[in-house]
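Because only heavy atoms are used, hydrogens play no part in the values below, and waters and symmetry mates are left out as well, while side chains stay in. Being a predicted model, the structure only gives us computed values, none of them experimental.
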Amino acid sequence: MGDFEAVTGPTVWKGSTFAGKEDVTLSLGASERHAIDKALDATRNLALEDIEPHHFSDPVLARFMRRIAEEVLHGRGVVVLGGIPMDKYDEESASRIFWGLGRQLGNPVSQSVMGERLGHVVDKSADDPTARGYRQRYELTPHNDFHEIVTFMCLRQGIRGGRSWCVSSHLLHNHMLESRPDLLEALYRGYFTHRFGEQGDGEGPITEHRVPVFSRCEGELSCRFLRRYIEAAANEAQALSRKEREALEYFDAIAMDADNGLFFDLEPGEAVIMNNYVVLHGRTAFEDGQTSANKRHLIRLWLTVEPPRPVMAQVAVYASELEGSGIVPRPGRVPSYDDRETVQRVYGDRMPSE
C-alpha cells in the first residue's frame, strides 16, 4: 500500500463550517466598479478577445484581483466574486467585465473543439442530446475541469435548479486516508480516461496512460476527477476492477456529502473562481423557462497562470494540456459524444429522461 501523507493548511476545509457563500465572497466596491466602467469605456471598440490584462489593470482593480488570486492559488482555493450589478450592464458588457477581470488572473484557453475561450454553459440538449455536460441540463457530479483556474459567472438563472457546489479535494483525500487507504491507492494509480472525441492529432479516443485522481509533484497534491470520462473508457475498453469501481463510488459519495461540500445559488452578476487542481465543482439539474429571460446562462473561463502549478505529466488527458493551450479546436465540430448508456448505468434515475 502506498505511503500517503495527509494534507494540511487552508485547502482542507469542510463546507459545513461556512455560514454560506458569503464566507467565501469578495465583493467589488464603488472604487473597483468605477475602474471597471473606465476600462469598459476604453475598450468599447475592441473585440472581447482582444482585451488584454493591461486594459483592466487600474491599481485598485489590480489590488482586488491579487487578493482573489492569492486565495484561489495559495489559500482555500475558492472565491465568489460579487458586486457586478446586472441591472446596470447588459450581458455583452458583463461578459467583457468577466473576461477583463479573468485576464488579471491568467490566460484563457480553448474549452472544446469549437475553440471557444469564453465558454457558454447553457442547455443545448434539444438540438444535441449527446452534448458535453456543460451544454446539458442534467446534474453534474463533482469533477475538475482543465488547467489551473476555472471560473463561472452567472448571467441568468433558469426557473428552478442549477444549484452550485464545490468541495475540497484535499478534505476528501484526508478522509479516505483515515477511512479507506486501500481505495485511496486505486485513485493514486489512476484510470484510463476517454477523450470524448476531442483528442488531438496522433491521440487515440482513450488515454494511453492512467490519469491519476490524486498525484503529488514538488510537494503539491493535485486532483483530476472525471468519473464520466473514466466510465466511458471502461465501457469501451478495459473494464474496471471491483476495487477500482469501489474507489470511484466511495469518492463520489463523500464528494457529494452535504457536510463536506459548500452548496450555493450563483446569482446573476456573481462569479465563482476555483483552483482547478484543489477544488471540485458540480451543480444540480436545472430547468429553463420558455423565454430567453429565464433560460440559465453561465459563462466560463479556463485560465493558465504563470508560473504554472507543478503537476505530473500523467494528469493531462490531452497532449495540448501540457502545452497550456486547452482542447485543440476542430473547425465545424461541436463537443458531443454519445455515452448515454454509460451515464444511465452509472447515474441511473439522477439523470433526466430525454
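Side-chain atoms of Val24 and Phe264, non-hydrogen and from C-beta on, never get closer than 4.5 Å to each other. Put simply, the side chain of Thr284 does not reach to within 4.5 Å of the side chain of Phe263, judged on heavy atoms. In this structure, the side chains of Val60 and Phe64 stay at 4.5 Å or more apart for every pair of heavy atoms. Taking 4.5 Å as the limit, some side-chain heavy atom of Arg195 sits within range of a side-chain heavy atom of Thr207. You'll find the side chain of Val315 reaches within 4.5 Å of the side chain of Pro212, heavy atoms only. In this structure, the side chains of Arg96 and Phe56 stay at 4.5 Å or more apart for every pair of heavy atoms.
Legend: residues meeting salt bridge (Lys or Arg N to Asp or Glu O under 4.0 Å) with Arg309, ordered by chain and number and at least two apart, are Glu220. Every residue two or more places apart in sequence or in another chain that forms a side-chain hydrogen bond (donor to acceptor under 3.5 Å, both in side chains) with Thr291 is listed here: Asn294. For Arg216, there are no side-chain hydrogen bond (donor to acceptor under 3.5 Å, both in side chains) partners at least two apart in sequence or on another chain. Partners of Glu270 under the side-chain hydrogen bond (donor to acceptor under 3.5 Å, both in side chains) rule, at least two apart in sequence or in another chain, are Lys21. Residues satisfying the side-chain hydrogen bond (donor to acceptor under 3.5 Å, both in side chains) test with Thr25, not counting sequence neighbours, are none. In this structure, Asp90 has no salt bridge (Lys or Arg N to Asp or Glu O under 4.0 Å) partners at least two apart in sequence or on a different chain. Partners of Arg67 according to the salt bridge (Lys or Arg N to Asp or Glu O under 4.0 Å) rule, which considers only residues two or more places apart in sequence or in another chain, do not exist here.
Within a 6.0 Å radius of NZ in Lys295, more than 12 heavy atoms belonging to other residues, nucleotides or ligands are found. More than 12 heavy-atom neighbours from other residues, nucleotides or ligands sit within 6.0 angstrom of CD on Glu208.
Transitive grouping of hydrophobic side chains (ILVMFWY, heavy atoms separated by less than 4.5 Å) keeps Val213 and Leu226 in distinct clusters. A chain of hydrophobic side-chain contacts below 4.5 Å, direct or via other Ile, Leu, Val, Met, Phe, Trp or Tyr residues, connects Leu183 to Ile254. When the side chains of ILVMFWY residues are joined at heavy-atom separations under 4.5 Å, either directly or via intervening members, Leu298 and Trp302 end up in a single hydrophobic cluster.
Judged purely by atom type and a 3.5 angstrom limit, His170 has no side-chain atom pairing as donor or acceptor with the backbone of Val278. Side chain of Asn260 to backbone of Ala255: no donor-acceptor contact under 3.5 angstrom is found. Side-chain atoms of Ser168 come within 3.5 Å of backbone atoms of Thr11 as a donor-acceptor pair (strictly under, hydrogens ignored). No donor-acceptor pair under 3.5 Å is formed between the side chain of Asp288 and the backbone N or O of Gly158. Put simply, the side chain of Tyr191 gets close to the backbone of Glu244: a donor and an acceptor are under 3.5 Å apart. Checking side-chain atoms of Arg156 against main-chain N and O of Ser292 turns up a donor-acceptor pair under 3.5 Å. Of the possible donor and acceptor atoms, none in the side chain of Gln238 sits under 3.5 Å from a partner among the backbone N and O of Phe192. Looking at Ser164, its side chain never comes within 3.5 Å of a backbone N or O of Arg283 through a donor-acceptor pair.
For the ring-ring contact (aromatic ring centres under 6.0 Å, His included) with Phe196, the qualifying choice from Tyr229, Tyr134, Tyr318 is Tyr229, the only one to do so. The side-chain contact (heavy atoms from CB on, under 4.5 Å) test with Cys223 singles out one residue from Leu280, Asn276, Leu187, Leu172, and that residue is Leu280.
The stretch residues 322-335 participates, sequence neighbours left out, in these side-chain hydrogen bond (donor to acceptor under 3.5 Å, both in side chains) pairs: Asp201-Arg330. Among residues at least two apart or in separate chains, ring-ring contact (aromatic ring centres under 6.0 Å, His included) pairs with a member in residues 267-300 are His120-His297, His143-His281, Phe152-His281.
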What donor-acceptor contacts under 3.5 angstrom involve side-chain atoms of residues 12-19, with partners at least two apart or in another chain?
unit_1: Trp13; atom_1: NE1; unit_2: Arg76; atom_2: O; d: 2.9
unit_1: Lys14; atom_1: NZ; unit_2: Asp259; atom_2: OD2; d: 3.3
unit_1: Ser16; atom_1: OG; unit_2: Asp259; atom_2: O; d: 3.2
unit_1: Ser16; atom_1: OG; unit_2: Asp259; atom_2: OD1; d: 2.7
unit_1: Thr17; atom_1: OG1; unit_2: Lys14; atom_2: O; d: 2.6

Using distance only, find each side-chain donor-acceptor pair of residues 46-54 under 3.5 Å and give its atom names and separation, not counting sequence neighbours.
unit_1: Glu49; atom_1: OE1; unit_2: Arg117; atom_2: NH1; d: 3.4
unit_1: Glu52; atom_1: OE1; unit_2: Arg103; atom_2: NH2; d: 2.8

Compile the donor-acceptor pairs under 3.5 Å between side chains in residues 28-36 and protein atoms, sequence neighbours left out, one pair per line.
unit_1: Glu32; atom_1: OE1; unit_2: Gly29; atom_2: N; d: 2.8
unit_1: Arg33; atom_1: NH1; unit_2: Leu28; atom_2: O; d: 2.7

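Between Phe214 and Phe4, the ring center distance fails the sub-6.0 Å criterion.
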